[in-house]
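Chain naming here is simple, since letters A, B, ... match the order of the sequence lines and numbering starts at 1 in each.
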Amino acid sequence: MSAAQNELLERATRVVERAQRAGADVAEATARQGSHLSAKVRMREPELVEEAGSRSVGLRVMISQQVAVTYTSDLSTRGLDRLVDDAIELARLSEADPFAGPPDPSQLSDEREHVELKLYDPNMGDVGSGAALARATAGEAAALGASSRITNSDGATFTRASGSSVLVTSGGFTGTSRGTYASLVVRPVAEDEDGKKRAGGYWAARRHLAALEGAAAVGEEAARRTLRKLGATKLDTTELPVVFDPDAGRAILGLVAGCVRGGAIWRKSSYLAGRLHSKVASNLVTIVDDPLIPRAPGSRAFDGEGLLSRKNVVIDKGTLETYLLDSYSARKLELKSTASASRGASGGVGASTSNFILQRGDSTVDDLLGSTKRGLYVTEMMGFGFNAVTGDFSRGAAGFLIEDGELTRPINEVTISLPLDDLLSRIDAIADDLDQRTAIATPTFRVSSMTIAGR
Amino acid sequence: MTSRYQAPFALGGESPIDAQLASRLLTTALEKGGDYADLFFEYGASGSYAFDEGILKSAGRAVTMGLGVRVMKGDATGYAYVEDFTLEAMERAARTAAGIAAGGDTKTPIALETRALPSRYDVTLLSLDVPGADKRDLLERADRAARAADARVVRVDASISEELREILVATSTGRFVRDRQPLLRFGIRVIVEQDDKRQSGSSGGGGRLGLEYFDAHSPEEHAAEAVRQALVMLDAREAPAGEMEVVLAPGDSGILLHEAVGHGLEADFNRKGTSNYTGRIGEQVASPLCTVVDDATIRGGRGSLNVDDEGFEPGRATLIEDGVLRGYMQDRHSAEFFDLTSSGNGRRESFKSHPMPRMTNTLLLGGESDPEEILRSVKRGVYARKFGGGQVDITNGDFVFSLTEGYLIEDGKLTAPLKGVNLIGNGPDVMREVVMLGNDMTLSDGIWTCGKDGQSVPVGVACPTVKIAKVTVGGTQVGGAS
């Protein structure tokens, strides 16, 4: 363990002990520290170099099942004293929640059980502001150089970040974790024939610097994705098969993620409440939540309450097999925790996803598109048109018309609508192009029919 | 406004920052040859109360503080921040930010001069200083009222969040200002159940106010509104799909204007030439009915400010007048580019972020039509009563908004409530399609938060009843449009 992690551990332990002395039955502290460097260039000139470090402590206490959470970035003795005093005062103000409590001590994991997930790149900090600017510059230059129709740029940004955190609980759990992250985003702007501007972009992100896609490749892909949008028009209102690329598909999967979290279920604010062990998607659909994938963005060895992480198959060949639960939502629903607790920096705890992934299918993207006679290939969605309570879904979309298996012309300013329940049930093809840039991830997939509103 | 919450950098605080110390840090920030530097000290104290299943289930409090140092050289910005106010840490941040400048003459900061500010949020008693039990009582009232309103109510969540943001801005151009910005927000969400149907409804409000907010808007009123909305939506039917006439209700609909037009009028996009409104000052960009202003002066408004995060005092700026583009919302950097003075729209989420031009309270001013007459003029269309949120592509103004409460208009009357309605279109196009404006301009209750480049800031919106000749409605009923 590094000296920095030791310091975090001592800090969190002191806070827990002090809270217990002040009257807390349960005290759980998370101490974090992080640093980042971000460099942005725009039109080949440096626009921003930002460098900073941050530290914080979050605390959750319970007194006779009365709950409070506090957070501070003031790590002076006085600041930490206040953190504890505020928590005790607020817990006394709260009312007893019969379901509140820490996880059963027998469920807590031991540090020796925590798997090494390779989330930390020790070389990440070596990238200084000059090198960061050079990566951003190379990314933007590749995009600007790709075509004369790329006339402007929203810039290119390289960011590296690293962070450590510890969790210490009065139940006897101690866990430490650390991770790094590097990303490059390139956003060119192209001009259409009628003078309308079209922004597009592409980005790469990895836990390890060496695995990050090359800057030029990111820039070229950003240019390609921007240029192909030129000349976009509306479509007549109709019903068609809709193919979601991984970026658009991720947004759909994110909605599913929100609807299987324990908090949404016991609050009845999910259309999937009461649907356990029933069919909620087509047979092709298997969705897992897997926190144990090495080097993945959403991985964690233990959950926010100290339980050992495990892979959960949420939807298995179309059947909803489990919700994602922390110990609180498990008690509310008379189920067992799935070790899906997530603890925010500010101390609050709730169930959430880790790496939430729609499993890949067998066909290539080309085969999937090729087998689509006429349809809409969606690459971007806009807006927030989703009602989790009913599952009603309607969002703005842009992409391409598929005709005889080929992408023909760009389409924008249409909305696509279908209740999420029907959308998942109508998935009739899944491709094999899964990537690992994001914690919520899908390959390309097709929905057999959706309403498209246009002209 | 006195309070037990006070920034350590306040005069009389634990680590007071005076003009002399600020000047010293600014000098360090400029020593590598920067053109401009500023210091942004921020202290934030916030509280949250969550009432759920009939009890105050959790209460929380957070304290954050730090210093952001910015140094500019030409169009390039160096930024660094620290979370403690020791001289050593602050000097280190100043030196890190200074690194953006590579050589050139060393500038000396101009002597700092304290400026007097207006008082647009004269809160006498900060919500944070009121005993927690008072806030618990307010939430309990909301909960009780919602449950009593209708037997079909199965869940009620009510919350209060409160905040004090104390800032100190010192700039190498001599500005030196302190401001204390309170913020209060109340919200309630209910779920109703009937047979196997479930719907939700919500209501909320607030502003730069103390608990006196509830004198004008009682928890019971919000509870009734949330229940009404959820019950109405139980009967909602599939929305038509296609292009049609749309009438926006006054108040909250201003968010459409904020997203679809407001962002494109932020000066940074226009400085960079990435906005649809770039280079179009003096041109007719909207229907002659439309006058749009950004007004930071509204007393207690959620987006109101005495001073922006760069030390400039925002006022009431006319952006579009009778359909003609008059100006952009400026921060210091963009104003310099346009050879103007900042309009005081330079805002940042926190000391961790650099300022950008942002809206405060954005208003579409009222017209002359009777709102009833506007409705009567529509043969078949959609009435947008409540918005859930929206998103815009600033480069071209393409937007999507979703309605949480909408109705079908048939022969001038609201007939059926509609579910899953999205409005999709292009901001500049829609502004040209505004054909009637009501005489009922209303300021939305304080609920909106605006996101840009990952930074969130509280904003206000206002508009009258608006009739738009043509917007694409994204519903599910193909052929429903006539």
Side-chain angles (χ1 to χ4, degrees), chain A residues 42 45-55 67-75 79 82 86 90 93-97 129 152 154 189 196-199 234 237-239 267-269 346-348 382-385 387 389-390 392-396 412-415 417-418 451 453-455, chain B residues 55-66 75-84 96 99-100 132-133 136 154-155 157 191 198-200 241-243 272-274 276 352 354 388-391 393 395-396 398-402 419-422 424-426 472-476 478 481:
Chain A
R42 193 185 153 264
E45 296 291 333
E47 182 172 285
L48 177 70
V49 173
E50 181 182 301
E51 204 169 351
S54 60
R55 320 167 300 172
V67 184
V69 292
T70 53
Y71 169 89
T72 191
S73 64
D74 179 358
L75 302 186
R82 180 165 205 167
D86 279 358
L90 291 169
L93 180 72
S94 301
E95 292 162 289
D97 178 353
S129 55
N152 205 332
D154 268 340
V189 176
K196 188 168 179 174
K197 295 184 172 68
R198 309 267 182 196
K234 284 194 188 186
T237 298
T238 180
E239 286 198 32
R267 286 191 169 88
K268 297 184 178 174
S269 53
S346 57
M382 279 178 84
F384 310 97
N387 181 339
V389 177
T390 59
D392 289 335
F393 168 86
S394 170
R395 291 185 74 177
N412 71 347
E413 281 191 59
V414 297
T415 70
S417 311
L418 190 68
T451 303
R455 275 187 297 255
Chain B
I55 58 170
L56 181 69
K57 207 175 252 187
S58 181
R61 199 168 288 154
V63 174
T64 56
M65 53 193 204
D75 280 338
T77 300
Y79 200 83
Y81 62 81
V82 286
E83 288 177 311
D84 68 88
T96 304
I100 193 73
R136 187 176 63 195
V154 294
R155 279 204 53 81
D157 287 270
I191 293 182
R198 231 182 275 148
Q199 268 295 355
S200 64
E243 273 182 359
K272 297 173 186 175
T274 55
N276 209 62
K352 295 185 178 180
H354 60 281
Q391 198 182 339
D393 178 344
T395 48
N396 52 35
D398 286 350
F399 67 78
V400 178
F401 282 86
S402 33
K419 65 178 174 184
V421 185
N422 264 324
I424 179 160
N426 176 269
T472 300
V473 175
T476 45
V478 179

In terms of heavy-atom proximity below 4.5 Å to chain A, should [X] be classed as side chain, backbone, both, or neither?
| X | result |
| --- | --- |
| Asp398(B) | both |
| Phe401(B) | neither |
| Asp157(B) | side chain |
| Thr96(B) | side chain |

Could you tell me the separation between the [atom1] atom of [X] and the [atom2] atom of [Y], rounded to the nearest 0.5 Å?
| X | Y | atom1 | atom2 | answer |
| --- | --- | --- | --- | --- |
| Glu51(A) | Tyr79(B) | CD | OH | 14.0 Å |
| His354(B) | Glu47(A) | NE2 | CD | 7.0 Å |
| Thr274(B) | Asp154(A) | OG1 | CG | 5.0 Å |
| Asp393(B) | Met382(A) | CG | CE | 6.0 Å |
| Glu95(A) | Leu56(B) | CD | CG | 5.5 Å |

Evaluate the side chain to side chain contact (heavy atoms under 4.5 Å, CB included) criterion for residues Lys197(A) and Asn276(B): first the C-alpha distance (whole Å), next the side-chain angles of each, then the deciding distance (0.1 Å), finally the verdict. CA-CA 7 Å; Lys197(A) 295 184 172 68; Asn276(B) 209 62; 5.7 Å; no

Minimum-distance pair of heavy atoms, taken over all atoms of [X] and [Y]:
| X | Y | value |
| --- | --- | --- |
| Arg267(A) | Ile191(B) | O-CD1, 3.5 Å |
| Gly53(A) | Tyr81(B) | O-CE1, 3.6 Å |
| Ala68(A) | Ser58(B) | CA-OG, 4.4 Å |
| Gly242(B) | Ala453(A) | N-CB, 4.1 Å |
| Ala96(A) | Ile55(B) | O-CD1, 3.5 Å |

Which atoms of [X] come close to chain B, meaning under 4.5 Å heavy atom to heavy atom: side chain ones, backbone ones, both, or neither?
| X | value |
| --- | --- |
| Asn152(A) | side chain |
| Asp86(A) | both |
| Ser129(A) | neither |
| Glu45(A) | neither |

Given side chains that start at C-beta, do those of Lys419(B) and Asn387(A) come closer than 4.5 Å, heavy atoms only? no

Should Arg55(A) and Asp84(B) count as side-chain neighbours, where that means a heavy-atom distance under 4.5 Å? yes

Can you tell which of Gly348(A), Gly79(A), Pro46(A) has the highest number of heavy-atom pairs within less than 4.5 Å of chain B? Pro46(A)

With respect to chain B, which residue among Asp392(A), Leu75(A), Val49(A), Thr72(A) yields the maximal number of heavy-atom pairs within a distance under 4.5 Å? Val49(A)

Based on non-hydrogen pairs under 4.5 Å, which of [options] is most in contact with chain A?
| options | answer |
| --- | --- |
| Gly388(B), Ser200(B), Gly99(B), Gly425(B) | Gly425(B) |
| Ala133(B), Ser402(B), Gly66(B) | Ser402(B) |
| Arg155(B), Lys352(B), Arg136(B), Met65(B) | Arg155(B) |

Hey, are Thr472(B) and Lys234(A) close enough side-chain-wise for a donor-acceptor pair under 3.5 Å? yes

In terms of side-chain heavy atoms, does Ser394(A) have a donor or acceptor partner in Asn422(B) at a distance below 3.5 Å? yes

Dump the intermediate steps for side chain to side chain contact (heavy atoms under 4.5 Å, CB included) on Lys57(B) and Val67(A), then the final yes or no. CA-CA 7 Å; Lys57(B) 207 175 252 187; Val67(A) 184; over 6 Å; no

